[in-house]
Number of protein chains: 2
Amino acid sequence: MERHLSTSTAGTRKKRGEGHTRRDEILLAAKKLFLREGYEATTIRRIADVVGVSAPALYLYFKDKEAIMLALCDETFGNLVENMSKLEKTKLPPLERLRRCGEAYVRFGLDNPQEYWLTFLSGNTPKKVKEAKELSRTPESIDPNEPGAASAMAFAKLMGMFRDIEKAGMPLYFPVDTAAELVWMGLHGLVAALINNPEFPWTKRDILIAGMIDMAVRGVVRLP
Amino acid sequence: MERHLSTSTAGTRKKRGEGHTRRDEILLAAKKLFLREGYEATTIRRIADVVGVSAPALYLYFKDKEAIMLALCDETFGNLVENMSKLEKTKLPPLERLRRCGEAYVRFGLDNPQEYWLTFLSGNTPKKVKEAKELSRTPESIDPNEPGAASAMAFAKLMGMFRDIEKAGMPLYFPVDTAAELVWMGLHGLVAALINNPEFPWTKRDILIAGMIDMAVRGVVRLP
DNA sequence: TTTGATAAGTTATCGACGTTAAGTTACAAG
DNA sequence: CTTGTAACTTAACGTCGATAACTTATCAAA
């Protein structure tokens, strides 16, 4: 039973009130395993082994395995939300903002395939079904501390960009909600396809990304 | 330990040379469980219980659990291939053929969400990676008896429609391969989104299907 | 008609999984 | 110095996919 952590407190019992540091250690170990060896290899027992505690100890800090994974993904999706927030604040034309936002979204998905798969592609756990109802809300109305919040915010921000476009008076072929859903689905399909079939002889990635954005924009907004 | 099959031969030992009928019984039971209770509930033991044999008996007919699931999905995807073959033979304008083919593809995915998820959305097993290299071939070059063949053929047929379109001399915004990939990714994204988030307050399905096809066609082929 | 190869099963078991129950240890406040 | 309790542990449960080793039924040949 090897111990893999090199931090000074690993394997030692935490002092009273220091439990949250153990929580962070668990997330760190889970992330390491998850990125290196994927979802299936990231078991409760292996995480616990890396941290240097027994398996049931993880249940002091997380309700179940899914909660660990959700927390992991939220952490990562937080970066995407950050990037999109920056883009939101720029004074670029709304269409250009959308294009960059779309590109940021796709590149984020491809850079974090495991987390993307887990949040958007893995099966429907009961938890996820419950969570789905929150996705329709505006970014501001989402409690950022609830599990799954970050991905919901990323999605909501992308949706919001389309409302901006309509406010800017650009003529669309569809109602704004439908347009937003269709474009997001296109981007999502690109990410999903490349993640789940990375060995497939696709066209070069950069061309597909630019191409999907072109196709989606041309297909949705009436250009001069 | 209840026995659930009502066919006369259920639970009784097969005569020599009749093993293939047991194989069919296993697939039937697996399909029943899979459709009613999803992937996780479809365990080797539960399938065996429905068939009326012991669990290890399934390994006489299938290499592992994944082989059962793949055979199931291939059976279902065969129907899609059939539909698409019919559309291929019609003398409609190539663009209209593509539209109908796209709609058939999406509706198939939504009508068979479990099978679609398992073939296109579930994680990358080693088997799938190996299988991916066959997807680039033409429909005729695929051995229809290999596992995973049906989904590969469905995909290849959709790709082929784009070659027809180019042969018909329609101007595209992209090279034909790229165009085919982009449109398929759009359709795929639509199916994936609706399957994995069925509770989400999306626009009405029919509108999304027609809309995605409109968006994709308008985004890819230069219309008069 | 008996025999024997073998198809078609069985039971027993393995190691791994997520998770829970119940017991233990160390620390900090009174 | 006691005592409550946070922070653990060990043991175990039920489930999973899968394998090994054994049994039973069938059919063809001797």
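No hydrogens, no waters, no symmetry mates; every other heavy atom, side chains included, goes into these values. What you see is a predicted model, and the numbers here were worked out from it, not measured in a lab. In what follows, every chain begins at residue 1, and chains take the letters A, B, ... in the order their sequences are listed.
The list of salt bridge (charged side-chain N to carboxylate O under 4.0 Å, His left out) pairs with a residue in residues 68-83 of chain B, not counting sequence neighbours, reads B:K31-B:E75. Listed by first and then second residue, the salt bridge (charged side-chain N to carboxylate O under 4.0 Å, His left out) pairs involving residues 174-184 of chain A are A:R163-A:D177 (not counting sequence neighbours).
Under the ring pair (Phe, Tyr, Trp, His ring centres under 6.0 Å) criterion, B:F34 pairs with no residue at all, not counting sequence neighbours. Applying the side chain to side chain contact (heavy atoms under 4.5 Å, CB included) criterion to B:L60, with sequence neighbours excluded, gives no partner residue. Legend: residues meeting salt bridge (Lys or Arg N to Asp or Glu O under 4.0 Å) with B:R46, ordered by chain and number and at least two apart, are B:E37. Partners of A:F162 under the ring pair (Phe, Tyr, Trp, His ring centres under 6.0 Å) rule, at least two apart in sequence or in another chain, do not exist in this structure. For A:F108, the ring pair (Phe, Tyr, Trp, His ring centres under 6.0 Å) criterion is met by A:F77, not counting sequence neighbours.
In this structure, the CD atom of A:E40 is 17 Å from the P atom of D:dC16, given to the nearest Å. The interatomic distance linking A:K65 (NZ) with C:dT20 (C1') rounds to 18 Å, in whole Å. Between A:D64 atom CG and C:dC17 atom P the separation is 17 Å, expressed in whole Å. Taking atom NZ of A:K63 as the reference point, atom C1' of C:dG18 lies 12 Å away to the nearest angstrom. For the pair B:E18 CD and C:dA8 C1', the interatomic distance rounds to 12 Å; values are reported in whole Å. Summarising the geometry, the separation between CD1 on A:I44 and P on D:dT10 is reported as 17 Å, rounded to the nearest angstrom. What separates CZ of B:R46 from P of D:dG17 is a distance of 11 Å, to the nearest Å. A:I47 has its CD1 atom 12 Å from the C1' atom of C:dC17, to the nearest Å.
A salt bridge does not link A:R97 to A:E88: none of the charged nitrogens lies less than 4.0 Å from a carboxylate oxygen.
Residues of residues 55-62 of chain A that place a heavy atom closer than 4.0 Å to DNA chain C, in numerical order, are A:P56, A:Y59.
A tilted orientation is assigned to the rings of A:Y116 and A:H188, their planes being inclined by 30° to 60°.
Listed candidates were D:dC8, C:dT19, D:dC16. Nearest to the side chain of A:R22 is D:dC8. Checked against C:dT19, C:dC17, D:dG17, the side chain of B:R45 finds its nearest nucleotide in D:dG17. Across D:dT10, C:dT19, C:dT10, the shortest atom-to-atom separation from the side chain of A:S54 is found for D:dT10.
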Protein-nucleic acid N or O pairs under 3.5 Å, nucleotides 25-27 of chain D:
residue	atom	partner	partner atom	Å
D:dT26	O2	B:R16	NE	3.0
D:dT26	O2	B:R16	NH2	3.0

